[in-house]
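All values derive from a computational prediction rather than experimental measurement.
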Amino acid sequence: MSNEVRGLSARYLDAKKALFEKKYGFLNEMQRKAVFTVNGPLLVLAGAGTGKTTLLVNRISFILKYGNAYLSDIVPAGVSEEYIKELESLLQEDEISEETLADFAVAPPAPWQILAITFTNKAANEMKTRLTNIVGESANDVWCGTFHSMCLRMLRSHSKEAGLDNHFTIYDADDSKKVITECMKQLNIDEKTLTAKTVISQISKAKDQLMTPHDFDADISHNDFKMQMISSLYAMYQARLTEAGAVDFDDIIMKTVLMLKTNADVREYYQKKFRYVLIDEFQDTNYAQFELARILSDGYGNLMVVGDDDQSIYKFRGATVENILTFDEKIKNASVIKLEDNYRSTEAILGAANSVIRHNFGRRGKELRACRGPGEKITVKKVETQNDEAKFIVNKIMELIIREKRKYGDFAVLYRVNAQSGALENVFAKSGVPYRLLGGVRFFERKEVKDIIAYLSVVSNGNDNLRLRRIINEPKRKIGEATINQIELLSETVGKSMFSIMESARSYPAVSKSAGKFEMFVYLIYGLRKIAREEGLAKLVEKTIELSGYGEMLRAAEENGESTERSENVRELISYAAEYEHNNENATLEGFLEDIALVADVDNYDASADAVVLMTIHSAKGLEFPVVFLPGMEEDLFPSARSVMEAEELEEERRLAYVAITRAKDRLFMIHTRERLFYGRTMYNPQSRFIGEIAAEYKNEDVPKPKEKPKTEYGEKTRKVRISNELFSRSAISANVGKAQSSVETFRAGDRVKHITFGVGTVLSAKAMGADILYEIAFDNVGTKKLMATYAKLTKV
DNA sequence: AGAGCGAGCGTTTTT
DNA sequence: CGCTCGCTCT
């Protein structure tokens, strides 16, 4: 090769890279680097708000369009001086077309050769939507979903290799617990010796470690009495699931990994298939999930993981931060890229977040850099009770809506435990501020919904003994506990499912006298199976509700004055089925049940609704809000009392605080109370240590003024009212306020008024502020408050 | 079989 | 405080 040609090659490669750099100029340098690094293992440490989803979406679309174009040093044969000049001149253009870049494409994969795994359906859907916006419909063929949905897809295609029935049922946490409780009863284990909760978490841990009941039993560290019991329970539990043709959530992952490990054909099939594997939220993965990622990416070795060790908040349910901390030790030749430019929050908020998280040890070490202005300092507010806390939040929201022209949807109230939501909800409900409460009992966990789903499960899988038990006498069919136990006993001795015993009850003397009742039930299921085959899914759900007598039962309950909520929920399930049918051409009952099992919450947070959102900090991960309130910033609540004993747990709490702080874009309020009623007990806790960890320059401590002596003139008793100098006449206010506010009643100083939250009081002053009126009111029981007319909802008394 | 009542207990949660 | 669970009584 002559010197001249080599020079041309270098110039060609430079021009190519420059063109890509320019095309992706909307990303920062590190993001671009992560997009272009498509070969080999890659760890991206992405701090909060550093554009992680943007990166993932663009990396996938880049791979789809150009494959290995950026890194490749292939130079087309006979590349000419003219051609390179043309490329170089393209660089001067404002816009670089995709066609131009497509010429550089090196072996771009088909969409189905890319596997992108997230933790929640929400994240998966967002990724799909954004990907579709860039690459169009081909995004649908990318394997993009949660760990569980992707594994299920593999298990379904290879159910035989995984040792599963064609129609297996998925048991949720509730189902698992029931099975465990049954097993414990059978083994005569008292809940006082060993709680079902402990057993479940141990089994779950074992499955995370890919330990079968056999492995568990063989583990020498499990030789104490308790572990022996757990070991027997694990074996028994697993046998029950197998009989019922069911898998639990952990099984979905474990069985996939074990199948891939033991079956070379299946393994090689997927290893050849997936040229690129991407895993999101890697800090929340467990051992089994890491193994899965490792095996699936072993064909091409293109495994990219993204995460933030500082946001690992799910250790309590089996996540191992070590996965991300030691990724580059475990996976050879891994590149590491850090994203530290934060586009979300103000300097004050980031400063606070950084100063808190710095107190943790064992970090990868990242420091978020602010790309926005300094912003307002964080407000730390101390109040008396949790009721005052809620009122402070509501008032602040109302104030900021007017002062800063914000929408209700801009606000989030994030708390440590769901039990805090009650006091907040009360005040919100009274104030008239629209709010949405996340958490609590989810739609698919409601009893009536689970019951109907249990019917559908039995229709789909007659072996599902647990679900059969659930509905066999719901509504009442006069099949009592004793009878059911006999069926179960027979089922165990004969080795057939409970349903098949019921089918031929007449031939078993022990239960033959109830055979008539069983037949009714069996025919009900037969009938529903026919409907499942011949009519649509929504029809099936509807007829299940009616033919089972469940609908009748609910209607009867309503006539006795019960709320219509349960009927509504059940009907909601019909619409859900109709929607599923609408969205899936070949909708099957099995697919529907699977969807329900994996898509937990239909009332998911909908950012488009203009309402304040109330939720736990855990649920807020991955979300962002212009204004965030953190109530309950007290020791023993946050950090929780249980965590302060153990350094590791305290660090997890601190990461949780970090997540909470970094949700805020513009404003952050931390509130703590002097006293708090919690589980019926009053606690008096000092402010959270996390407030203390925030450097003073980022926070404003709003220390309550030294106990203001209650001024008698504000009191109900004396009826003396201080009249402010700033008082406007009624007409002056109206004039200032204009037409838009005509529905708001106006008041003048001295008027007695009533506010729905604060009660009765006397107007001290009224002042026009733009289109609104600001009232200062001395409430008889609450002291002085300033209220905006648009939200104050005052009435004359 | 089902109502009624008292004891006990209560992080965080997605799939 | 408010829910669930299990026991007892009808």
Side-chain angles (χ1 to χ4, degrees), chain A residues 117-124 145-152 170-178 181 185 190-192 195-197 200-201 204 207-208 247-254 256 280-281 284-286 288-289 312-319 386 414-423 426 438-442 444-445 447 473-484 594-601 604-605 615-622 632 636-646 649 652-653 655-657 659-660 676-683:
Chain A
I117 300 183
T118 61
F119 258 82
T120 63
N121 292 299
K122 192 178 173 301
T146 62
F147 269 103
H148 290 84
S149 68
M150 294 296 99
C151 283
L152 216 43
I170 301 165
Y171 277 7
D172 65 16
D174 202 56
D175 299 325
S176 297
K177 192 174 174 216
K178 277 197 175 137
T181 314
K185 257 188 206 145
D190 192 0
E191 277 263 348
K192 276 164 198 131
T195 65
K197 212 177 146 189
I200 287 169
S201 95
S204 179
K207 289 183 175 179
D208 282 357
V247 295
D248 66 19
F249 285 130
D250 299 316
D251 281 336
I252 294 174
I253 311 289
M254 178 165 106
T256 308
D280 192 12
E281 304 279 14
D284 290 332
T285 52
N286 59 36
Q289 287 162 333
S312 154
I313 55 174
Y314 285 111
K315 201 174 166 182
F316 73 93
R317 67 169 204 227
Q386 80 268 42
L414 311 179
Y415 35 83
R416 180 63 185 66
V417 293
N418 274 312
Q420 285 172 261
S421 68
N426 283 337
L438 261 81
V441 186
R442 290 187 199 84
F444 288 107
E445 283 168 13
K447 185 190 177 297
N473 203 30
E474 191 75 40
K476 304 288 173 261
R477 296 190 178 86
K478 310 222 156 153
I479 301 175
E481 193 60 29
T483 323
I484 297 170
E594 188 184 301
D595 193 72
I596 284 175
L598 295 186
V599 181
D601 204 349
N604 244 332
Y605 169 65
M615 63 179 140
T616 62
I617 301 168
H618 281 89
S619 339
K621 203 179 79 170
D636 283 6
L637 183 59
F638 192 25
S640 81
R642 298 178 66 164
S643 69
V644 293
M645 323 292 291
E646 200 87 45
E649 282 184 56
E652 178 140 321
E653 294 282 307
R655 290 192 292 269
L656 194 57
V659 169
R676 177 181 300 274
L677 193 65
F678 207 60
Y679 294 139
R681 285 201 128 73
T682 307
M683 17 187 259

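R416(A) comes within contact range of at least one nucleobase, with a heavy-atom separation under 4.0 Å. Y314(A) comes within 4.0 angstrom of the backbone, heavy atoms only, and of no base. F119(A) comes within 4.0 angstrom of the backbone, heavy atoms only, and of no base. I479(A) comes within contact range of the sugar-phosphate backbone alone, with a heavy-atom separation under 4.0 Å but no base atom that close. Residue-level contact check: D284(A) touches neither bases nor backbone, having no heavy atom under 4.0 Å from any strand. E653(A) comes within contact range of at least one nucleobase, with a heavy-atom separation under 4.0 Å.
For Y415(A), no side-chain nitrogen or oxygen approaches OP1 or OP2 of dT12(B) to under 4.0 Å. Remark: S643(A) is not in phosphate contact with dT11(B), judged by side-chain N or O atoms under 4.0 Å from OP1 or OP2. In this structure, S640(A) does not reach the dT12(B) phosphate: none of its side-chain N or O atoms is under 4.0 Å from OP1 or OP2. Between N418(A) and dT11(B) there is no side-chain polar atom (N or O) within less than 4.0 angstrom of OP1 or OP2.
One interatomic measurement links the two molecules: CD of Q289(A) to P of dT14(B), which rounds to 15 Å at whole-angstrom precision. Distance, M615(A) CE to dT12(B) P: 16 Å, rounded to whole Å. Note: NZ (K177(A)) to P (dT13(B)) measures 16 Å, nearest angstrom. As a whole-Å value, the separation of E481(A) CD from dC5(C) P is 14 Å. To the nearest angstrom, P of dT14(B) lies 17 Å from CG of D248(A). Rounded to whole Å, the distance from CG on D280(A) to P on dT15(B) is 13 Å. Here the C1' atom of nucleotide dG2(B) and the CD atom of E474(A) are 12 Å apart, to the nearest Å.
Of the inter-residue distances, the one linking Q289(A) atom CD with I117(A) atom CD1 reads 8.5 Å to the nearest 0.5 angstrom. For the atom pair L414(A) CG and L438(A) CG, the distance stands at 10.5 Å (nearest 0.5 Å). Between atom CD of residue E281(A) and atom OH of residue Y314(A) there is a gap of 9.0 Å, rounded to the nearest 0.5 Å.
Residue side chain R317(A) reaches the base of dT14(B) through a donor-acceptor N/O pair under 3.5 Å, judged by distance alone.
Distance from the side chain of N473(A) is smallest for dG2(B) among the nucleotides dT15(B), dG2(B), dT11(B). Nearest to the side chain of K476(A), among dG10(B), dT12(B), dA1(B), sits dA1(B). For E649(A), the listed nucleotide lying nearest its side chain is dT11(B); candidates were dT11(B), dT15(B), dT13(B). Distance from the side chain of Y679(A) is smallest to dT11(B) among dT12(B), dT14(B), dT11(B).
In textbook terms, a nucleotide whose glycosidic angle is within 90° of 0 is syn, while dT12(B), being further out, is anti.
In this structure, E653(A) does not pair ionically with R655(A), as no charged nitrogen and carboxylate oxygen lie closer than 4.0 Å.
Cation-pi geometry between R676(A) and F678(A) is not met: the NZ or CZ atom fails to fall both under 6.0 Å from the ring centre and inside 45° of the normal.
Ring-to-base geometry places F316(A) in a stacked arrangement with dT12(B) (centre distance under 5.5 Å, plane angle under 30°).
Between R642(A) and A482(A), it is A482(A) whose nearest contact on DNA chain B lies nearer the 5' terminus.
Residues F316(A) and E649(A) have side chains not in contact (no heavy-atom distance under 4.5 Å, counting atoms from C-beta outward).
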